[in-house]
2 protein chains.
Amino acid sequence: MVETVERLIRSTQELLWERGYVGTSPKAIQRAADAGQGSMYHHFAGKAELAKAAIERSGAELRAAADVQLGGDGTAGERIAGYLEREREVLKGCQVGRLTADPDVIADPDLRAPVAETFAWLRGRLAEVVAEGKRTGEYPQTLDPERTAATIAAVLQGGYVLARAAGSTEPFELAVQGLIDLLPEATK
Amino acid sequence: MVETVERLIRSTQELLWERGYVGTSPKAIQRAADAGQGSMYHHFAGKAELAKAAIERSGAELRAAADVQLGGDGTAGERIAGYLEREREVLKGCQVGRLTADPDVIADPDLRAPVAETFAWLRGRLAEVVAEGKRTGEYPQTLDPERTAATIAAVLQGGYVLARAAGSTEPFELAVQGLIDLLPEATK
DNA sequence: GTCTATACTATGATAGAC
DNA sequence: GTCTATCATAGTATAGAC
């Protein structure tokens with residue numbers, strides 16, 4: 001049996017993903033976690049503290065998932081393409097990126113910190129892979145790893161936005177393929 | 001003197017931008033617009049109807065602003081770079097893109113429609129400029145206008161996400177410059 | 001650790017007077 | 001067109017019993 005604390009965190013992750021921080025009430029969390037009022041407030045001081053735990057968990061999951069492709073086998077280009085093209089729940093959006101739209105998350109340093117750290121890590125990890133591609137001669141020496149990394153991360157985050165706007169995964173896929181077209185290809 | 005209806009719409013635009021649909025209450029709108037309860041409900045059936053008017057207005061503003069650069073003078077590359085690099089309130093995010101994080105906006109066809117139309121228009125407009133660049137020989141014939149347009153729009157939307165996460169405009173600027181680096185340059 | 005009771009505010013709206 | 005009641009529900013907790 002999963003512990004109450006664990007169920008509370010997981011339910012909060014799910015609700016933050018779907019409805020954001022402002023749109024998620026303690027009552028909804030309790031219902032989803034099948035936990036009582038008293039139980040929730042016994043384990044967490046309030047909504048913010050629980051959200052912090054949930055956001056940290058989501059950030060860790062995002063990093064782990066990204067590292068599957070980025071730290072895998074293959075050339076830099078293959079790993080980046082693999083990361084870009086991996087299966088995603090596009091219409092749900094990014095569980096971490098989504099929180100940047102939430103004014104109360106951005107305003108509270110405790111809540112924004114795990115979001116900031118997650119994307120700082122992702123950009124750093126992508127930059128490493130790009131730099132590696134430069135070392136192996138796959139990418140031209142003129143390519144800037146930090147810039148390119150930010151562009152790659154932005155295409156994914158923006159792809160989610162365009163897909164949700166359209167109610168279709170198509171714009172996401174177009175944006176990703178457009179980026180892959182633009183990235184330098186190793187001369188065969 | 002600006003009319004009440006106008007003040008209500010403008011205040012709603014501003015609040016939707018800052019706090020989203022879920023985070024914006026009728027009371028907050030009335031306060032911002034300096035309009036009474038009765039006044040607001042006299043002009044609009046409720047929060048959703050007012051939000052629809054505000055979102056349509058914001059969409060129109062986004063289109064007009066984009067067309068300043070995209071429909072201006074210069075080569076395709078210059079106009080796209082001009083659009084990407086124009087002055088923006090990066091840390092506030094995109095007033096239209098922001099709404100895609102709002103579950104109630106995405107769930108209501110009346111509210112999602114203006115968001116969908118705005119980005120469909122933007123991608124189409126960008127694709128036209130890319131196609132024009134192909135015709136003039138500035139861009140290679142292999143470049144896909146729809147994909148490239150989606151990538152450009154995504155970099156901006158994702159750039160906002162990364163910037164708000166970081167609490168700094170830097171990731172936005174890196175992502176934009178990274179994209180400009182990747183876009184084909186006319187052979188001099 | 002969990003439950004129920006209680007509290008106080010905000011939300012989103014309607015009704016009827018002016 | 002605008003104002004002031006009024007209302008039912010939800011949000012976000014705290015207190016104290018079990």
Side-chain angles (χ1 to χ4, degrees), chain A residues 1-56 98-99 101-112, chain B residues 1-56 98-99 101-112:
Chain A
M1 177 226 174
V2 186
E3 287 166 37
T4 299
V5 169
E6 190 61 21
R7 288 204 316 279
L8 282 167
I9 292 177
R10 286 217 244 266
S11 297
T12 304
Q13 281 185 276
E14 201 57 41
L15 284 165
L16 287 180
W17 195 356
E18 280 170 25
R19 309 221 17 107
Y21 183 77
V22 170
T24 296
S25 68
K27 200 159 291 188
I29 293 169
Q30 293 152 26
R31 206 179 312 124
D34 196 25
Q37 193 102 322
S39 187
M40 187 195 119
Y41 282 101
H42 173 75
H43 294 293
F44 296 93
K47 177 176 156 176
E49 197 178 294
L50 182 42
K52 180 169 148 57
I55 297 171
E56 282 168 352
R98 198 233 165 281
L99 299 169
D102 234 305
D104 293 1
V105 170
I106 295 305
D108 182 340
D110 282 352
L111 295 181
R112 188 170 66 76
Chain B
M1 176 226 171
V2 186
E3 283 165 41
T4 301
V5 169
E6 190 61 20
R7 288 203 318 278
L8 284 166
I9 292 178
R10 287 216 244 265
S11 298
T12 304
Q13 282 184 275
E14 201 58 40
L15 284 164
L16 287 180
W17 194 356
E18 279 170 25
R19 309 220 19 107
Y21 183 77
V22 169
T24 297
S25 69
K27 199 158 293 187
I29 294 170
Q30 293 151 26
R31 206 178 313 125
D34 196 26
Q37 192 103 320
S39 186
M40 186 194 119
Y41 283 102
H42 172 75
H43 294 292
F44 296 93
K47 175 176 158 176
E49 198 179 292
L50 181 43
K52 181 168 147 57
I55 297 171
E56 282 167 352
R98 200 235 163 279
L99 299 168
D102 233 305
D104 293 1
V105 170
I106 295 305
D108 182 339
D110 281 353
L111 295 181
R112 189 170 65 77

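The figures here come from the full heavy-atom set of this structure, side chains too, leaving out hydrogens, waters and symmetry mates. Every chain is numbered from 1, with letters handed out A, B, ... down the list of sequences. Keep in mind that this is a model prediction, so the values were computed, not measured.
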Inset, instruction - Sugar-phosphate means primed atoms, P, OP1 and OP2; the rest is base. With that split, encode nucleotides 4-18 of chain D 5' to 3' as B, S or - using protein heavy atoms under 4.0 Å. - result: B------SBBB----

Inset, instruction - Would you give the length of the straight line joining atom CZ of B:Arg7 to atom CE of B:Met40, rounded to the nearest 0.5 angstrom? - result: 13.5 Å

Legend entry - Phosphate OP1/OP2 of D:dT2: any B:Thr4 side-chain N/O under 4.0 Å: yes

Legend entry - Between C1' of C:dA13 and CG of B:Leu50, the distance in whole Å: 14 Å

Inset, instruction - Take atom CD of B:Gln30 and atom P of C:dT11, then tell me their distance rounded to the nearest Å. - result: 11 Å

Legend entry - Donor-acceptor pair, side chain of B:Arg19 and main chain of B:Thr24, under 3.5 angstrom: no

Inset, instruction - Please check the phosphate of C:dC3 (OP1 and OP2 only) for any side-chain N or O of A:His42 closer than 4.0 Å. - result: no

Legend entry - Approximate separation, where rounding is to 0.5 Å, of A:Phe44 CZ and A:Leu50 CG: 5.0 Å

Inset, instruction - Report the distance from atom CG of B:Leu15 to atom P of C:dA10, rounded to the nearest whole Å. - result: 16 Å

Legend entry - Spacing of A:Met40 atom CE relative to C:dC3 atom P, expressed in whole Å: 13 Å

Legend entry - Residue list, side chain to side chain contact (heavy atoms under 4.5 Å, CB included) with B:Gln13, at least two apart or on another chain: B:Ile9, B:Arg10, B:Ala54, B:Arg57, B:Ser58, B:Glu61, B:Gln95

Validation: residues 26-39 of chain B side-chain donor-acceptor distances under 3.5 Å, sequence neighbours left out:
unit_1	atom_1	unit_2	atom_2	d
B:Gln30	NE2	B:Pro26	O	3.3
B:Gln30	NE2	B:Gln37	OE1	3.3

Legend entry - Non-hydrogen side-chain atoms of A:Leu111 and A:Asp104 separated by less than 4.5 Å: no

Legend entry - Length of the line joining B:Asp34:CG and D:dT2:C1', which is rounded to integer Å: 12 Å

